[in-house]
Amino acid sequence: MRNRSDMRAHFLQHVPFEGLGSIEQWLRAAGYAITGTRFFDDPALPDPASIDLLVVMGGPMSVNDEAALAWLVPEKRFVRAAIESGLPVLGVCLGAQLIASAMGARVHPGRQKEIGWFPVHAVPAAAQPVGAAAKPPAPDAFVFPASIDVFHWHGETFDLPEGAVHLARSDACENQAFQLGRSVIGLQFHLETTPQSALAMLEHCRDELQPGPTVQDEATILAADAGRYRRINDLMADVLGFLTRPQLAPGR
């Protein structure tokens with residue numbers, strides 16, 4: 001493994017207003033060089049062998065919009081290649097859906113939209129991975145708090161890819177987080193959200209704030225205090241630390 005000072009994190013960004021948020025601060029503090037593919041500017045993708053961590057961000061489009069957004073096809077191939085190479089991969093919201101789709105799972109409309117601050121709940125460690133041939137859950141699966149309020153902005157959801165360990169759920173959406181192997185995590189929710197990034201999403205997507213049981217109004221969303229943001233950003237730091245932890249060599 002290269003020295004941390006030589007490590008490179010690459011992000012995939014789908015719209016200008018959904019950037020890295022608190023992830024950027026964590027990466028810089030950890031010493032990563034940061035590069036990105038911004039599909040709205042240039043869809044060019046790097047060689048997966050040249051990066052050490054892949055972060056796939058959110059966006060308002062669907063992973064099923066391949067006819068309208070041609071870059072989704074090579075993006076999914078790239079994500080799958082990164083996962084199969086053993087690269088640590090984090091997917092956030094659309095990013096989690098892209099991981100699921102790239103690994104053969106269905107992405108489809110959820111029962112209802114989930115926008116605003118709502119709790120997710122850890123799935124008991126005894127839950128089994130998906131697929132008849134799947135192995136039992138790894139002893140090092142990431143463990144979420146029993147319940148924590150997080151920031152959501154999604155209308156679609158995903159089936160779990162074969163072999164995935166189910167990590168978190170909410171009352172409105174069963175599949176909120178999953179893990180594949182030792183170093184791939186998909187999050188339907190946004191732990192990277194900062195006050196600035198929440199405001200940017202509202203400015204660009206407030207037309208989605210249609211009344212519903214799990215859709216908060218703008219004032220409620222913006223009323224979140226600093227402690228709420230700190231808790232989710234700290235949890236995101238835990239997720240990133242888990243994904244990038246040194247791996248023991250086989251047999252060690």
Hphob cluster co-occupancy, [X] + [Y], side-chain heavy atoms under 4.5 angstrom:
X: Leu187; Y: Phe118; result: no
X: Leu202; Y: Trp117; result: yes
X: Ile221; Y: Leu199; result: yes
X: Met201; Y: Leu222; result: yes

[X]: side chain to side chain contact (heavy atoms under 4.5 Å, CB included) partners, not counting sequence neighbours:
X: Ala9; answer: Leu27, Tyr32, Leu53
X: Val215; answer: Lys113, Ile115, Leu209
X: Asp65; answer: Met61, Ser62, Leu69, Leu72
X: Ser170; answer: Glu114, Val120, Ala172, Cys173, Gln176

Query - side chain to side chain donor-acceptor pair (under 3.5 Å) evaluation trace for Trp153 with Glu208 - result: CA-CA 9 Å; Trp153 201 303; Glu208 296 183 35; 3.0 Å; yes
[atom1]/[X] to [atom2]/[Y] distance, rounded to the nearest 0.5 angstrom?
X: His190; Y: Ile232; atom1: NE2; atom2: CD1; result: 9.5 Å
X: Phe158; Y: Asn175; atom1: CZ; atom2: CG; result: 5.5 Å
X: Leu180; Y: Phe178; atom1: CG; atom2: CZ; result: 5.5 Å

Report task. Indicate, with yes or no, if the rings of Phe40 and Trp71 have centres closer together than 6.0 Å. Result -> no
Closest heavy-atom contact between [X] and [Y]?
X: Asp171; Y: Arg111; value: O-NH2, 2.9 Å
X: Ala122; Y: Pro145; value: CB-O, 3.3 Å
X: Pro46; Y: Ser50; value: CB-OG, 4.0 Å

**Report entry** Any residue meeting side chain to side chain donor-acceptor pair (under 3.5 Å) with Arg38, in chain and number order, not counting sequence neighbours
**Finding:**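 By the side chain to side chain donor-acceptor pair (under 3.5 Å) rule, Arg38 matches no residue at all.
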**Report entry** Residue pair Asn64 / His108, side-chain donor-acceptor N/O under 3.5 Å
**Finding:** no
Report task. Start with the C-alpha gap between Trp26 and Met236, add the side-chain angles, then the distance that decides, and say whether side-chain contact (heavy atoms from CB on, under 4.5 Å) holds. Result -> CA-CA 9 Å; Trp26 187 92; Met236 177 57 87; over 6 Å; no
Requested in this report: For the residue pair Ser197 and Phe151, establish whether any side-chain heavy-atom pair is separated by less than 4.5 Å.
Outcome: no
Please set out all donor-acceptor pairs under 3.5 angstrom arising from side-chain atoms of residues 86-100, sequence neighbours excluded.
unit_1, atom_1, unit_2, atom_2, d
Gln97, NE2, Glu156, O, 3.2
Gln97, NE2, Gln188, OE1, 3.3

